[in-house]
Visitor: 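Mind looking over this structure? Questions follow.
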Amino acid sequence: MSRLKTLFKHKNSNILNIYITAGFPALNDTILIVQELEKAGADIVEIGMPFSDPLADGPTIQASSQKAIENGITLSKIFEQVIEIRKTVQIPLILMGYFNQVLKFGVPQFFRKAREVGIDGLIIPDLPIDVYKNEYASLVDEIDLDLIFLITPQTSNERIKMIDKLSNGFLYQVSSHSTTGAQQDLQTSQIEYFKRVKTLNLANPTLIGFGIFNHDTFTAACQYANGAIIGSAFINAVANSTDLPSTIHQFVKDISES
Amino acid sequence: MKKYKHMHYQINDKGYYGGFGGAYIPEMLHANIEELKTQYLRIIEQKDFQDEYKDLLSNYVGRPTPLSYARRLSTKYRSKIYLKREDLTHTGAHKINNTVGQILIAKRMGKTRIIAETGAGQHGVAAATVCALMGMKCIVYMGEVDIKRQSPNVTRMKMLGAEVRVVKSGSRTLKDATNEAIRDWINHPVDTYYIIGSVVGPHPYPDMVARFQSVISDEIQKQLKRMEGREFPDKVIACVGGGSNAAGAFYHFLDNKEVELIAVEGEGLGITSGKTAATIRIGEEGVFQGSKTLLMQDHEGQIVEPYSISAGLDYPGVGPFHAHLFKSGRGTYLVATDKEALAAAFELTKLEGIIPALESAHALAALKKIVLLPDEIVVVNLSGRGDKDLEIYSKNGNYE
């Protein structure tokens, strides 16, 4: 059974998934950050593969990606870091990145390599689900990698069910009409959408992401989904940290406890 | 012997030109793209749309644009050279053919807020113009670097009532302005219509923009019939950044193999200089800003910033329409350096009294690079006028 399935089997609420851009703030900080996140109690870590043109990301993740590229991050470096991380870390690890880099690496090669180094799931926001279904789904089944797709407030129930069928691990429920990093309290229309998705009785667990940045938004999201994903707020926290372990433990504590 | 199927250069029902195109977009844009995809053809084919579009093209844009016989240029190159005068349209470039069409689609879809990206500012001006005409709110994204080098167009957009948003992300040029426009659309999926300026982006944009620009080759056919007694030239030459003016100039000749389609990319300082925008020549297949196409990228799949003296040609991708024409061998893709383009611009100005845009000057530069026969009919698409480039011309001119 995959690490993600095992996780959700044992814990199906208040799942905390933290996103960190690989190679940020310094090139090799990724290793320490993921190790400390596990110790602090994060359930899943999503490692971002920095891309020059990240369409779905807001200013915070864009800036961190640019910095990481300047730091010298590459896909092979990320795979090396994951190998190092996997020496101790047991929680599920996900890679998030844009399709061009995967295509350039070679899609089958990339999927296999990711699995080999200990990655459990992939999020590729600009890989359309129909292309995935026709060209790559059988390969992914074969190597037991979880492909995680996004749903949004504009995704119809019918389409959500279709995406649910093709997804493994969990569904990434985008909280609002926005790129990553928006910060405001959850609106009534968002709550209605969360409720709508909840009534669909989907096969996969759902994690709510985009705009989740503090204890209140995390707790609210967890009422309607199995957990939530925090990215930009965490990037901001580590960006100026002079003591990564204590920053990370404090961050996770602040999210989890009121 | 195996009989080969007729090659298709138009988009197929899945939104691809051969192996290029598609809609590689995040789920956040799926509903928007789907809405546009299901509506654009239906809207374009409606009579009231066609009536309004044609009326605006003739009475507002100033179409048909002339097909000028370039007498002295023809003598020099020993051929019959015609210039398709897109420089004479309202706002001074072919970009307006597309914005007029898209604003009418936006209106019929009930959208109230228009966004656009711009590099040199020509598309931004064309978008701001039709928004002023229709009384619609317009936001134009433009890179900080481009704002500095194209300030007259920024003034024009602001005067036309558009809000020009400075893009400070990435390399602060056209590709980043496009990223920001797409992000804006993700943040405003319901009321906003995104007017893309070239044959790029996710399906259906490349096809829709090509259709609106196809008025160029439609007119060339009619004008040549009248002037030469035949509906097609031997060669059509156009410059390619994203590729919208070339798509328009080639469109009605795609299936006529007697017409040689010649596209010219901005070579910048030279193919191997690291300062070039010759995407087709040095690019590799990839996915960028919504479509699978040829891209300037490094071995990690990071997008490489292009360079050309012409701000309208320095885009790291190219429309999937062109990637397919190139790969299938239907189109000939040439390059012209900054210097060659400048020389061609000065030549046209002196021989014909027409100051071309730097982009169009790249198409003119190809005249020196191809074999021309005395009786051949060659059409060069003069995609825009050179007013916006006067500063560069004055720096590089030789007025002895």
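Chain naming here is simple, since letters A, B, ... match the order of the sequence lines and numbering starts at 1 in each.
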Visitor: Could you work out, with salt bridge (Lys or Arg N to Asp or Glu O under 4.0 Å) as the rule, every residue matching Glu116(A), not counting sequence neighbours?
Guide: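 Checked Glu116(A) against salt bridge (Lys or Arg N to Asp or Glu O under 4.0 Å); matches are Lys113(A).
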
Visitor: What residue, out of Pro202(B), Ser171(B), Ala31(B), has the most heavy-atom pairs lying under 4.5 Å from chain A?
Guide: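 Between Pro202(B), Ser171(B), Ala31(B), the count favours Ala31(B).
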
Visitor: Looking at side-chain heavy atoms only, is the closest gap between Asn100(A) and Ile303(B) below 4.5 Å?
Guide: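 With C-beta onward as the side chain, the pair touches.
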
Visitor: Taking atom CD as the centre, does Gln109(A) end up with more than 12 heavy-atom neighbours from other residues, nucleotides or ligands that are less than 6.0 angstrom away?
Guide: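 More than 12 within 6.0 Å, yes.
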
Visitor: Do you know the tightest heavy-atom contact between Asp126(A) and Tyr24(B)?
Guide: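 Shortest heavy-atom separation between Asp126(A) and Tyr24(B) comes out as O-CB, 3.5 Å.
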
Visitor: How many angstroms lie between atom OG1 of Thr74(A) and atom CG of Asp298(B), to the nearest 0.5 angstrom?
Guide: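 So the OG1 of Thr74(A) and the CG of Asp298(B) are separated by 10.5 Å.
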
Visitor: Hey, which of Lys168(B), Glu285(B), Glu305(B), Lys175(B) has the most heavy atom pairs under 4.5 Å with chain A?
Guide: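 Ranked by heavy-atom pairs under 4.5 Å with chain A, first place is Lys175(B).
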
Visitor: Can you tell if the side chain of Pro54(A) reaches within under 4.5 Å of the side chain of Arg183(B), non-hydrogen atoms only?
Guide: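 Yes; the side chains approach each other to less than 4.5 Å.
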
Visitor: Return the set of residues passing side chain to side chain contact (heavy atoms under 4.5 Å, CB included) with Asn12(B) (not counting sequence neighbours), or none when no residue passes.
Guide: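 Here the qualifying residues are Lys14(B), Tyr16(B).
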
Visitor: Are there over 12 heavy-atom neighbours, none belonging to Asn134(A), within less than 6.0 Å of that residue's CG?
Guide: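 Atom CG in Asn134(A) is packed in, count exceeds 12.
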
Visitor: What closest approach, in Å, do Phe288(B) and Asp53(A) show between heavy atoms, and which atom pair accounts for it?
Guide: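 Closest approach of Phe288(B) to Asp53(A), heavy atoms only: CE1-CG, 3.6 Å.
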
Visitor: Taking ring pair (Phe, Tyr, Trp, His ring centres under 6.0 Å) as the test, write out the residues that go with Phe20(B), two or more places apart.
Guide: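 With neighbours one apart ignored, the set is empty.
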
Visitor: If we ignore hydrogens and angles and just use 3.5 Å, is the side chain of Glu300(B) paired with the main-chain N or O of Leu75(A) as donor and acceptor?
Guide: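 The answer is yes, because a donor-acceptor pair under 3.5 Å joins these two groups.
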
Visitor: Using non-hydrogen atoms only, which part of Ile163(A) is less than 4.5 Å away from chain B: side chain, backbone, both, or neither?
Guide: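 Contact with chain B is through the side chain of Ile163(A) alone.
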
Visitor: Quick check on Phe210(A) against chain B: is it the side chain, the backbone, both or neither that has a heavy atom closer than 4.5 Å?
Guide: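 Contact with chain B: side chain only.
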
Visitor: Counting only non-hydrogen atoms closer than 4.5 Å, does Glu284(B) touch chain A with its backbone (N, CA, C, O), its side chain (CB onward), both, or neither?
Guide: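 When you check distances to chain A, only side chain atoms of Glu284(B) fall under 4.5 Å.
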
Visitor: At a heavy-atom separation under 4.5 Å, does Ile69(A) approach chain B through its side chain, its backbone, both, or neither?
Guide: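 Interface part for Ile69(A): side chain.
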
Visitor: Select one option (side chain, backbone, both, neither) describing which atoms of Pro153(A) are under 4.5 Å from chain B's heavy atoms.
Guide: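 Contact with chain B is absent: no heavy atom of Pro153(A) under 4.5 Å.
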
Visitor: With a 4.5 angstrom heavy-atom cut-off, could you sort out which part of Gln66(A) is near chain B: side chain, backbone, both or neither?
Guide: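 Only the side chain of Gln66(A) comes within 4.5 Å of chain B.
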
Visitor: So, for Lys292(B) and Leu103(A), which heavy atoms are closest and what is the spacing to 0.1 Å?
Guide: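 The answer is CE-CD2, 4.2 Å.
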
Visitor: Leu55(A) pairs by side-chain contact (heavy atoms from CB on, under 4.5 Å) with which of Leu29(B), Ile182(B), Thr178(B), Ile25(B)?
Guide: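 Considering Leu29(B), Ile182(B), Thr178(B), Ile25(B), a side-chain contact (heavy atoms from CB on, under 4.5 Å) with Leu55(A) is found only for Ile182(B).
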
Visitor: Evaluate the side-chain proximity of Gln62(A) to Glu180(B): yes if any heavy-atom separation is below 4.5 Å, no if none is.
Guide: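 Yes, at least one pair of side-chain atoms sits under 4.5 Å.
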
Visitor: Name the option with the most non-hydrogen atom pairs under 4.5 Å to chain A; the candidates are Gln289(B), His299(B), Glu34(B), His188(B).
Guide: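 The option with the most such pairs is His299(B).
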
Visitor: For the interface with chain B, which of Ile151(A), Ile124(A), Asp57(A) has the highest count of heavy-atom pairs at distances below 4.5 Å?
Guide: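 Highest number of heavy-atom pairs under 4.5 Å: Asp57(A).
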
Visitor: Would a 4.5 Å heavy-atom cut-off, applied to side chains only, mark Leu150(A) and Met28(B) as touching?
Guide: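 Yes, side chains in contact.
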
Visitor: Mind ranking Ser65(A), Ala56(A), Gly58(A), Ser176(A) by heavy-atom pairs under 4.5 Å with chain B and telling me who comes out on top?
Guide: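 Max contact count across the listed options: Ala56(A).
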
Visitor: At a 4.5 Å cut-off on heavy atoms, which part of Phe99(A) comes close to chain B: side chain, backbone, both, or neither?
Guide: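 For Phe99(A), the side chain is the part near chain B, not the backbone.
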
Visitor: Can you give me the closest heavy-atom contact between Pro50(A) and Gln302(B), atom names plus distance?
Guide: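 It is O-NE2, 2.9 Å.
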
Visitor: Are there residues of residues 140-149 of chain B whose heavy atoms fall under 4.5 Å of chain A's heavy atoms? If so, which?
Guide: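 So no residue qualifies.
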
Visitor: Does Gln154(A) use its side chain to pair, donor to acceptor, with the backbone of Glu27(B) at less than 3.5 Å?
Guide: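 No, Gln154(A) side chain to Glu27(B) backbone: no donor-acceptor pair under 3.5 Å.
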
